[in-house]
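So the structure is just underneath, and the comments pick up after that.
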Amino acid sequence: MQAIVIDPQAPVRLGFQTVEPPTPQANEALIRVKAISLNRGEVVYLVQGAAGTRLGWDLAGVVEQAAADGSGPATGTRVVGLVPPGAWAEQVAIPTNALAELPPSVSFAQAAALPVAGLTALYAIEHGGSLIARSVLVTGASGGVGYFACRLASLAGAQVVGQVRQSPSASLVQKAGANHVVVDENIAAAAAFGPYHLIIDQLGGRTLAEAMTQLAPGGTCVSIGAIAGSEVPLDWARIRQVSGASLDFFNLWFEFRREPASLGLQRLVRLVSTGKLIPSIGIETDWHEIGRVAQALIDRQFPGKAVLHIS
């Protein structure tokens, strides 16, 4: 079967290779993959690994062989799943606690956009507890995680402020449910709409330092990335004035100790099926375009998610 692997000679170091089909464990279902999605971390950082390494976390497809232990969906069921890594292939074996069934109303493309970005947003928001009538700030709001975070926070009853770097992205963030959009490289202007009960930050660096000063007493900042830099110049004198504030460093795989991915995916799929959550897909094409799409993602040429169909 064909799989996407790290290939130093291919565009963005992503090429195709013939590999052995997977042999599922007792608790794994064999999935015929129909669609995959890309996350920026995969194509920026993980492609620097060894040649031949399999990549990919997000996928949607059809159960070709049900798990031998009787758990999970039956053969022929449409599903969405998460595997770290190896999702970018024609067939993948996935533990049933990382799969969720898809109703007919949810397409493979919509489903493939959900796992990493959707679950990251979902669990990051839950770090803030009840959000009814509370203020939430989301940085990098036009990306996959940011868009989902804005929408889910809005559904939870929050007053949402989204930060984007480019003005064309503002309308997408407003569509997601943001009450206000700050268009700037940093979030200094977001202070006008705060203080915030919850801040979800993907930028890191000086943005994370500034975010900590915009929290309300007892508020929480959830750091899920460091796009703008890993050095955080904290202003201790300003931060200590925010009583009871906390900083959480988010790790999706750690969250699965609390709740299996299958349950979170079920919740997201339910929202998509009822029209309350509509994944933003910026690029949708054939998986043989992986190099071009990965480069576009690196260059931030589009908002939302990149989804590729396996032909």
Side-chain angles (χ1 to χ4, degrees), residues 1-6 14 16-47 49-50 52-69 71-75 77-102 106 108-123 144-145 148 251-269 279 287 290 294 297 305-310:
M1 71 170 191
Q2 291 291 296
I4 295 172
V5 302
I6 295 176
L14 291 171
F16 287 82
Q17 181 175 303
T18 300
V19 299
E20 290 294 322
T23 301
Q25 301 295 313
N27 67 331
E28 294 179 331
L30 181 64
I31 309 301
R32 172 66 62 175
V33 182
K34 298 295 185 179
I36 58 176
S37 74
L38 282 63
N39 296 282
R40 197 168 187 276
E42 295 169 311
V43 299
V44 172
Y45 305 111
L46 299 187
V47 294
T53 301
R54 300 269 299 276
L55 297 177
W57 295 324
D58 302 342
L59 64 86
V62 178
V63 177
E64 200 160 74
Q65 178 182 316
D69 65 2
S71 64
T75 299
T77 304
R78 300 169 70 250
V79 294
V80 58
L82 174 71
V83 55
W88 299 347
E90 292 179 307
Q91 290 180 306
V92 178
I94 303 182
T96 55
N97 65 0
L99 288 172
E101 296 187 24
L102 297 177
V106 179
F108 286 129
Q110 289 176 318
L114 292 176
V116 166
L119 290 174
T120 296
L122 177 67
Y123 294 146
V145 174
F148 282 128
N251 184 298
L252 180 59
W253 314 110
F254 184 83
E255 294 291 324
F256 296 148
R257 301 181 185 182
R258 176 178 61 85
E259 177 178 278
S262 58
L263 297 183
L265 287 171
Q266 288 172 14
R267 295 160 64 192
L268 293 172
V269 167
W287 75 326
I290 181 71
L297 183 60
K305 292 288 294 180
V307 173
L308 305 180
H309 293 272
I310 295 184

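Just so we're clear, the structure is a prediction, and the values are computed from it rather than from any experiment. In this chain, residues are counted from 1 in sequence order.
The closest side-chain heavy-atom distance from L82 to W253 is below 4.5 Å. A 4.5 Å side-chain heavy-atom check between V307 and S37 finds at least one atom pair inside the cut-off. Put simply, the side chain of M1 reaches to within 4.5 Å of the side chain of V19, judged on heavy atoms. Using a 4.5 Å heavy-atom threshold, the side chains of P22 and V92 count as separate. With a 4.5 Å cut-off on side-chain heavy atoms, I94 and L59 count as touching. Using a 4.5 Å heavy-atom cutoff, the side chains of V79 and V62 are not in contact. Proximity of P279 to F148: side-chain heavy atoms (C-beta onward) are separated by under 4.5 Å at one or more points. In this structure the side chain of L55 never reaches within 4.5 angstrom of the side chain of I4, judged on heavy atoms.
The shortest non-hydrogen separation linking G264 to Y123 is CA-OH, 3.4 Å. Residues P115 and V80 approach most closely at CG-CG2, 3.7 Å, considering heavy atoms. For A74 against V63, the heavy-atom pair with the smallest separation is O-CB, 3.4 Å. The two residues V5 and R54 make their nearest non-hydrogen contact at CG1-CD, 3.9 Å. Shortest non-hydrogen contact noted between A294 and L14 is CB-CD1, 3.8 Å.
With rounding to the nearest 0.5 Å, the separation of CD in E259 from CG in L265 is 9.5 Å. The distance from the OG1 atom of T75 to the CZ atom of R32 is 13.0 Å, given to the nearest 0.5 Å. Note that CG of D69 and CG of N27 are 6.0 Å apart. Values are rounded to the nearest 0.5 Å. With rounding to the nearest 0.5 Å, the separation of CD1 in I31 from CZ in R78 is 12.5 Å. A distance of 4.5 Å separates CG of D58 from CG of N39, quoted to the nearest 0.5 Å. Summarising the geometry, atom CD belonging to Q110 is positioned 12.5 Å from atom CG belonging to L268; distances are rounded to the nearest 0.5 Å.
Applying the side chain to side chain donor-acceptor pair (under 3.5 Å) test to pairs two or more places apart or on separate chains, those with a residue in residues 88-99 are E64-Q91, S71-T96.
Listed by chain and number, the residues in a salt bridge (charged side-chain N to carboxylate O under 4.0 Å, His left out) with R257 amount to none (sequence neighbours excluded). Taking the ring-ring contact (aromatic ring centres under 6.0 Å, His included) definition, one finds that F108 meets it with nothing, sequence neighbours left out.
With R40 contributing its side chain and G144 its backbone, the two residues share no donor-acceptor pair below 3.5 Å. Under the 3.5 Å distance criterion, the side-chain polar atoms of K305 are matched with a main-chain donor or acceptor of L38.
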Next item on the list: Mind running side chain to side chain contact (heavy atoms under 4.5 Å, CB included) on L119 and W57 for me, showing each step along the way?
Entry: CA-CA 12 Å; L119 290 174; W57 295 324; over 6 Å; no
